[in-house]
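One structure is given below, encoded as structure tokens.
Lettering follows sequence order; numbering is per chain, from 1. Predicted, not measured: the structure shown is a model, and the values here were computed from it.
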2 protein chains.
Amino acid sequence: MLSADPDPIVLPEEPAQARRFGKTRDAQSHALLEDYAELIADLLATGGEARPTDIARRLGVSHATAIKAIARLKREGLATARPYRGVFLTEAGETLAARVRARHRVVVDLLRAVGVPAEAAEQDAEGMEHHVSDATLAAFSRFLAGR
Amino acid sequence: MLSADPDPIVLPEEPAQARRFGKTRDAQSHALLEDYAELIADLLATGGEARPTDIARRLGVSHATAIKAIARLKREGLATARPYRGVFLTEAGETLAARVRARHRVVVDLLRAVGVPAEAAEQDAEGMEHHVSDATLAAFSRFLAGR
DNA sequence: CATGAAGTGTAGCCACGGCTACATTTTCAT
DNA sequence: ATGAAAATGTAGCCGTGGCTACACTTCATG
Ligand SMILES: [Mn+2]
Ligand SMILES: [Mn+2]
Ligand SMILES: [Mn+2]
Ligand SMILES: [Mn+2]
């Protein structure tokens with residue numbers, strides 16, 4: 001009888017593996033900014049304003065944490081904010097937010113399409129999205145289009 | 001004629017959204033340990049030993065960085081290591097590594113199955129895997145089984 | 001079996017992203 | 001108009017995960 005030998009462990013080539021881990025760290029380093037940009041855009045679109053306290057509440061962090069992240073957004077040229085006057089996105093910030101929002105939706109849709117329950121899809125997409133490359137996003141879109 | 005109104009932005013309920021972001025942060029906080037555990041297990045399985053320098057080279061970080069992460073693995077009861085003698089996994093570490101390796105494989109397979117090119121699948125899986133919940137993993141397995 | 005190379009460990013630096021505590025400003029109701 | 005509540009900002013703490021520089025072991029090779 002045939003028995004499938006289970007899990008033949010094959011290590012990737014060292015440089016390839018190092019490159020992958022490095023790119024993963026790189027992607028992760030942008031994750032927070034992406035989520036802030038997406039959320040700020042959503043708040044501006046639905047309520048006309050994005051206030052630090054609202055941002056903080058929706059992210060589940062203290063307002064002090066949110067304000068420091070907003071400072072980083074400003075430093076990176078993604079947002080503008082004057083004291084006590086709310087947060088706005090620059091052109092670059094808007095562009096990023098639009099891209100991030102579109103990707104977020106595709107990831108959720110893909111998960112749903114392969115049978116992931118709704119809440120799990122929403123939950124897991126929030127973390128997975130930041131590691132979805134353009135190539136993968138394109139494949140997701142093709143898959144969703146051709147069902 | 002019918003024109004699809006594009007992107008009606010609907011914000012999630014505030015508590016739900018905060019819960020999701022919180023869980024995402026939680027998942028992220030385990031990502032590094034998972035990758036170390038998986039890699040150490042692979043090195044032990046293929047070469048019989050897992051030395052800090054090899055681990056560092058494969059992760060693309062300095063050996064000092066690897067050694068500090070190994071210290072954290074020890075602190076969390078996942079690994080053991082005596083000075084100059086290499087790294088080993090505890091029972092808990094082995095268990096984690098096995099789970100992580102299995103999940104990694106399923107994620108890559110799922111990506112391939114929906115049309116993601118090989119290298120993009122390998123690359124993106126490295127980051128996405130840490131945000132794949134049990135429910136999503138089960139859905140992935142079902143999808144792969146029933147093609 | 002000595003010695004130099006490789007590996008390992010330690011110290012100290014930095015940025016990020018959490019937090020609490022407190023100060024200040026704005027907003028809102030009376 | 002004013003005083004309290006809410007929002008905002010600032011300061012300072014911590015753990016993580018990067019790094020370089022330097023010290024110390026171990027190991028391999030001549
Ligand atoms: Mn996200
Ligand atoms: Mn998102
Ligand atoms: Mn990984
Ligand atoms: Mn992995």
Item checked: Side-chain donor/acceptor of B:H63 to base of C:dG7, under 3.5 Å -> no
Notebook entry, point to check: Can you tell me how far P of C:dT26 sits from CD1 of A:I67, to the nearest Å?
Noted result: 14 Å
Check: If only side-chain N and O atoms of A:T65 are considered, is one of them under 4.0 Å from the OP1 or OP2 phosphate oxygen of C:dC19?
Finding: yes
Next item on the list: Nearest-nucleotide wise, let me know which of A:R85 and A:Y36 is further upstream toward the 5' end of DNA chain C.
Entry: A:Y36
Notebook entry, point to check: Could you give the NZ-to-C1' distance, from B:K74 to D:dT16, as a whole number of Å?
Noted result: 18 Å
Margin query: Counting only heavy atoms from other residues, nucleotides and ligands, does the tally under 6.0 Å from NZ of A:K74 exceed 12?
Written below: yes
Note to self: Just to be sure I understand the rule, does B:A64 reach a base, reach only the sugar-phosphate, or reach nothing, if contact means heavy atoms closer than 4.0 Å?
What the structure shows: base
Check: Separation of A:I55 atom CD1 from C:dG17 atom P, in whole Å?
Finding: 15 Å
Margin query: Whether the B:Q28 and B:H131 side chains hold a donor-acceptor pair (N or O, under 3.5 Å, no angle test) is what I'd like checked.
Written below: yes
Check: B:L59 has an atom CG; how far is it from atom C1' of D:dG17, in whole Å?
Finding: 12 Å
Item checked: Residue A:S62, side-chain atoms from C-beta onward, closest of D:dG18, D:dT16, C:dT20 -> C:dT20
Checklist line | Pairwise 5' ranking along DNA chain D for B:P83 and A:A81, keeping only the more 5' one | finding: A:A81
Note to self: Check this for me: B:D26, atom CG, are more than 12 non-hydrogen atoms of other residues, nucleotides or ligands nearer than 6.0 Å?
What the structure shows: yes
Next item on the list: Evaluate the criterion salt bridge (charged side-chain N to carboxylate O under 4.0 Å, His left out) for residue pair B:R57 and B:D54; output intermediate values, then yes/no.
Entry: CA-CA 5 Å; B:R57 266 204 298 263; B:D54 294 339; 3.1 Å; yes
Check: Tell me: CD of B:Q28 to C1' of D:dG15, nearest whole Å?
Finding: 15 Å
Note to self: For A:Y84 and A:K68, find the nucleotide of DNA chain D closest to each by heavy atoms; which residue's nucleotide sits nearer the 5' end?
What the structure shows: A:Y84
Notebook entry, point to check: What is the distance, rounded to the nearest whole Å, between atom CZ of A:R51 and atom P of C:dT26?
Noted result: 14 Å
Next item on the list: Run the numbers on B:R20 and A:E119 for salt bridge (charged side-chain N to carboxylate O under 4.0 Å, His left out), then give the verdict.
Entry: CA-CA 9 Å; B:R20 281 177 204 152; A:E119 178 51 30; 2.9 Å; yes
Check: Taking the nucleotide of DNA chain C with the closest heavy atom to each, which residue, B:T53 or A:R75, is nearer the 5' end?
Finding: B:T53
Margin query: Tell me whether the side-chain N/O atoms of B:R72 come closer than 4.0 Å to OP1 or OP2 in D:dG17.
Written below: yes
Next item on the list: May I have the distance from A:R82 (atom CZ) to C:dT24 (atom C1'), rounded to whole angstrom?
Entry: 18 Å
Margin query: If I take atom CD1 in residue A:I70 and atom C1' in nucleotide D:dG9, what distance separates them, rounded to the nearest angstrom?
Written below: 11 Å
